[in-house]
Structure formats: C-alpha cells, structure tokens
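Structure record follows, encoded as structure tokens.
Both backbone and side-chain heavy atoms feed into the values below; hydrogens, waters and symmetry mates do not. Convention: sequence-line order gives letters A, B, ...; per-chain numbering from 1.
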Number of protein chains: 2
Amino acid sequence: MDFDQADAVNQAIRLLSLRHRARTAELLAPLGLHPGQEALLLELARTGPMIQAQLSEALSVERPSVTLMARKLEAAGHIRRSPAPDDQRATVVELTDGGRALTEKVKQLWCALAQETLAGLTTETVAELPGLLKTLTCNVDTRRPHSRRDAG
Amino acid sequence: MDFDQADAVNQAIRLLSLRHRARTAELLAPLGLHPGQEALLLELARTGPMIQAQLSEALSVERPSVTLMARKLEAAGHIRRSPAPDDQRATVVELTDGGRALTEKVKQLWCALAQETLAGLTTETVAELPGLLKTLTCNVDTRRPHSRRDAG
DNA sequence: TAGAATTAGTTATGCGAATAACGTTATTCG
DNA sequence: CGAATAACGTTATTCGCATAACTAATTCTA
C-alpha cells in the first residue's frame, strides 16, 4: 500500500469527522440538542421503545454515554425512562410526544445537511455512498461486523 | 431529499468517525501516541518546520488544541519548539530526530490501517475515495472551501 | 437451590477538542 | 511617532465519549 494514498484517505476521514461533527452541532444548536443526542432520538423513532443496552449497541456508543445522553434528553422532556416490566435491571426508553415532534424537525435538518453534504455528487454516487462508507466502517471495526441491515 | 437516504448517509458518517478514531487510537497506543498527535507529526514531516498557527490551519484544529498536542509531543521528545526569529509571538515547531523516526513508524501503521480499511474495494474506488471524501468535507465545511491541494 | 458467571445501569475519572478570555507582540493608520 | 487593530500563543472551562470500577438483577450450572 502506497503511503501517499493511505495518508490521503486517512486524512480525509479525519477531516470529514471533524467537520461533520461541527456542522451537526451547528445545525442542532437551535433545537437545544447536541451531537449524539439526535442519533438517540432518531434510533428511538426508527425502532420504538428500547432499553439502554440496545441503544448502546445500535448507536455504537458505550453504556455510560447512553446514560448521560438519556439523562439530558429526559430532563429536556424529549424522552421518558421507565423500569422494564420483565427485567428489573433494564430501563426502557421511549419518545414523548414532544420528543417525537422534535424528531421530525431533526429529520428536516438531516435532509438539509445531506443536501449540502452531497451537493455536486451524481445521483449514482449518492446512492452508492452509504454502502461505501459502511464498508469502510466495517473494515475498520474493532468488534463485530455490524450486520444489522447491510445497505451495501 | 429523501429522509431515509439522508439518514443513511449521516449515520454512516457518524459511525465511520467513531470507529476510525477508535481504531486509530488502538494502532497508535503501542507508540505512545494519541489520535490527533499523529496528524501533527505527519504534517511536520510533509511540510517541514511550521509555527503553531500554521499547524492549526493545516490540521483544522483550533489553536489551544495545537498548544496541548505540541506540549505533549515536546515532552515526549518527538518535536522541538523554539521562538521564531522574525516574530516574537510565534513558536516554530519541528521534528526531532526521534520524532522523525517515529513518524516513519506511523507511516507504516497508516498503510496498514488503509489496507484494512480499504479491503475489498476496487482499485478504482480506492483511487476515487480521497477526492470523494474531500468533496463531502468541503461541502460540509463551515468556514472556507479549504483550497490547499485539491486532490479531487 | 446455592453459588458462579453474565448483564444492566450508574458513578468516577481521563482525554481530545472546542470556545472564551487574557497577555504579548506586530502591524496599520491617523 | 502613537494609538487602534490584528495575530500568536496560553490558560480556564465545557462537552462528548471512553474506560474502570461498582451495585443490583438475572441466568447458568453443579
């Protein structure tokens, strides 16, 4: 593997990470959300009520991070947390009505972000992009091949 | 813009960011480096001695972050910092011999990382990848179009 | 059924990087 | 020249996410 090529790819990924986070934070600020929290809300919107361990798995963030995110979202009234009926250890997390409404706004922002992110790319490239990025992600993955819904 | 598509892209970018950072940290740990520090070393290797403001610009990280990274790299003996002769405000940063040697090891790791990251992709796709990622980055960029060396 | 191993969640702590505010040095302009 | 402005670097503080260590609940197994 040629170093210049490797360097170019790694640099590009590093930069994309930095900028994407910054831009996300910027877009989410008016809604009072921080990056990461929106992923939790969208996951709940997709999947329905989940326990925190499932969220941790789905979002690929560690359990303590889920605890913190969930606390803040609960304090803001966006989600509700309640003990699971069948497992006294688990905490079920679900969207409140307000949280669901907020999620719709996040979806709009998400579309706007994607639109500016993907500006200038062909429809074909855009269609291939998630699969390509997931391939990069899975290849770089430390743990498991992350097999939920293979969109590539 | 279709939400599912936007969501897929944004999710993929978020995940790639998380995993790439984690994998980078993992690879760099044996060298005693943390993610971000290696970018500074490689930039110095590419460009030669620079002042911190230039590094901040080149790496797209803020000045205080450069200060901290540089402090640690200096403490580890990888770089040298000295006042700029022509500007008493500026601090010139350059690689030590040890730092240069370390950089070579980082380059090897970088190649290995790219190899596993890009496994399974066609040569053609790999060649297009940096340009594609830079396009995403520039589009998402908050500040300027980041025009140094357009490899797309 | 009793004890070991596993799992859910939390607390404490560390690190990278951002912003805000500050002191110091250069530069620009009246 | 001297004052205002800008630029370089640092400190202080905050935020997100990670790991380590802990408690409590569940499941496995002997």
Candidate nucleotides C:dA18, D:dA18, D:dG16, ranked by approach to the side chain of A:Val61 - the nearest: D:dA18
Taking only N and O in the side chain of B:Arg71, is any of them less than 4.0 Å away from OP1 or OP2 of C:dC15? no
Check every atom of C:dG9, D:dT26, D:dT10 against the side chain of B:Arg63 and return the nucleotide holding the closest atom. D:dT10
Candidate pair B:Arg23 and B:Glu116, rule salt bridge (charged side-chain N to carboxylate O under 4.0 Å, His left out), full reasoning: CA-CA 11 Å; B:Arg23 186 77 183 109; B:Glu116 73 179 62; 2.5 Å; yes
Closest listed nucleotide, where the reference is the side chain of A:Ile51 and the choices are D:dT11, C:dT10, C:dA8: C:dA8
Salt-bridged, A:Glu43 to A:Arg46, with N to O below 4.0 Å? yes
Among D:dT10, C:dT11, D:dT26, the one nearest any side-chain atom of A:Asp87 is D:dT26
Nearest listed nucleotide, side chain of B:Ala53, among D:dC17, D:dC8, C:dA8: D:dC8
DNA chain D: 5'-proximal contact among A:Gln37 and A:Asp86 (nearest heavy atom): A:Gln37
Heavy atoms only, 4.0 Å cut-off, all strands: where does B:Thr91 land among base, sugar-phosphate and nothing? sugar-phosphate
Taking D:dT19, C:dA8, C:dT25 as options, the one with an atom nearest any side-chain atom of A:Arg89 is C:dA8
Picking from C:dT10, C:dC15, D:dG9, the nucleotide nearest the side-chain atoms of B:His34 would be C:dC15
Closest of C:dG9, C:dG16, D:dC17 to the B:Lys72 side chain is C:dG16
Write down the partner of C:dG30 under the Watson-Crick or G-U wobble criteria, each distance required to be under 3.5 Å. D:dC1
Answer yes if the side chains of B:Arg21 and A:Ser17 hold a donor-acceptor pair under 3.5 Å, and no otherwise. no
Touch check for B:Pro64, heavy atoms < 4.0 angstrom, all strands: base, sugar-phosphate only, or nothing? base
